[in-house]
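Worksheet: the structure to be examined is printed underneath.
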Amino acid sequence: MTRDDALALDAGDPLAPLRAQFVLPEGLIYLDGNSLGVLPRATAARVQQVVTQEWGDGLIRSWNSAGWIDQPRRLGDKIARLVGAAPGEVVVADSTSINLFKVLSAALGIVQADTPQRRVILSERSNFPTDLYIAQSLATSLGFELQLAESHQLPGLLNEHTAVLMLTHVNYRSGRMHDMAALSRAAHDAGALALWDLAHSAGAVPVDLARDGADFAIGCGYKYLNGGPGAPAFVWAHPRHATRARQPLVGWMGHAAPFEFSPEYQPAAGMARFLCGTPPVLSMAALECGVDSVLAAEAHGGMAALRAKSLALTRLFAERVVATCPQLRLVSPQQDAQRGSQVCFTHREIGYPVMQALIARGVIGDFRVGDRPGAVESGDAGEAGDILRFGFTPLYLRFVDAWDAAEHLQAVLTSGEWQRPEFNRRQAVT
Ligand SMILES: *Cc1c(COP(=O)(O)O)cnc(C)c1O
């Protein structure tokens, strides 16, 4: 394959028109949409309109006239289309961490009522830390135990003590994707509930929560949904749980009739009970533009087309880097079915300065520390070294971007430019 072949793939790409939806700084190759999605062109004008017209002129009337009060449900219905959920099954609120607190509490409450002998929350050691912290805190306060294991051990650890299997669908460091259907089924066969974090899945890989047997799910608004920094997150519960689930952050927006101002809490009939306080209207407006930018793919083959392009992009990049950068070891799975929309490599020592040097060349990925020496080598995520992480968003990336990014990475390694002192000073956000 040559660079011209990559250009030819772009010329024949049915998703290519979607790139025009975004503000993409000239000369930049952005491989970090898995951490912070890019800015849709529509967002600035929409937020401006919400500020000047809906807030400035409409003032309090806009809760009704501009539909502010319906934002959590309206956006939820749009996100539902991306994750295999029906209208009314998803609401947008709070952050991923807070939504995890709510759904994990709800799941544990259901288990406690039905099968009180089940006391274990099972998760993966390499899960995103906030998920583990929230689970640990809830386990401590509710009298459960958090059990952490390597990915391949999970099915064997599900048993009559397991209350909830809590997993992130696509691992944030390795890019490895779990088989949601198989693991949810295994959890159910053992009598446990299955809770999925879709932070690196929604808008990136096909998700079918209902078909694949999930009980609860949460996801992030600012990654592949392009909702902007700190965008609100979303939450889903299977309809059989939504009407019975209790979550502890009961606020007036989750009340059956918030404007009755009753002193007694009465949960809303369905998913609205997962709302707590007043929605962040400006952030919601930006998130809606981001979600719309992903839904625009529906006219070009939808999630299936996005997935096909994502796999082709990650395959091309991984193959080029493996061929040209022998210093790096591929961490992400080579099999398409096991790979999310990112590619990661490890280098034992120089991961951080290599990424800094690459960013200085206009190729933006990011860096995640690996497990420290002495930690168990998992075999799952290649956790021995530090991780160079490259997210591929098929909505706006081109094949030639994947090609050029690999060329830059090779140049950084062979030139030794990563040795410059400014690339070796660690910043607060990596
Ligand atoms: C990004 C991410 C989060 C982020 O949580 P916030 O509450 O938005 O900070 C949580 N969990 C996973 C798995 C993530 O990848």
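Both ligands and their constituent atoms are indexed starting at 1 by order of listing. Keep in mind that the numbers below use all heavy atoms, side chains included, and drop hydrogens, waters and symmetry copies. Counting from 1, the numbers follow the sequence of the chain as shown.
Under 4.0 angstrom from ligand 1, there are no non-hydrogen atoms of I98.
The atoms of ligand 1 that sit less than 4.0 Å from any heavy atom of T130 are 10 (C), 11 (N). Distances below 4.0 Å separate heavy atoms of T168 from the following atoms of ligand 1: 13 (C). If you number the atoms of ligand 1 from 1 as listed, the ones under 4.0 Å from a heavy atom of S95 come out as 7 (O). Residue A199 has at least one heavy-atom neighbour below 4.0 Å for each of these atoms of ligand 1: 2 (C), 12 (C), 13 (C), 14 (C), 15 (O). Applying the 4.0 Å criterion to heavy atoms of K223 picks out, from ligand 1, the atoms 1 (C), 2 (C), 3 (C), 14 (C), 15 (O).
Ligand 1 has no nitrogen or oxygen under 3.5 angstrom from a nitrogen or oxygen of N127. Between Y222 and ligand 1, at least one pair of N/O atoms sits closer than 3.5 Å. Considering backbone and side-chain N/O atoms, H200 comes within less than 3.5 Å of an N/O atom of ligand 1.
Test H300, R398, R19, K309 against D13 for side chain to side chain contact (heavy atoms under 4.5 Å, CB included) and you get one pass: K309. With S332 as the fixed residue, the side chain to side chain contact (heavy atoms under 4.5 Å, CB included) test singles out one of N171, V343, T314: V343.
Seen from the ring of F128, K223 counts as a face-on cation partner, given the 6.0 Å and 45° thresholds.
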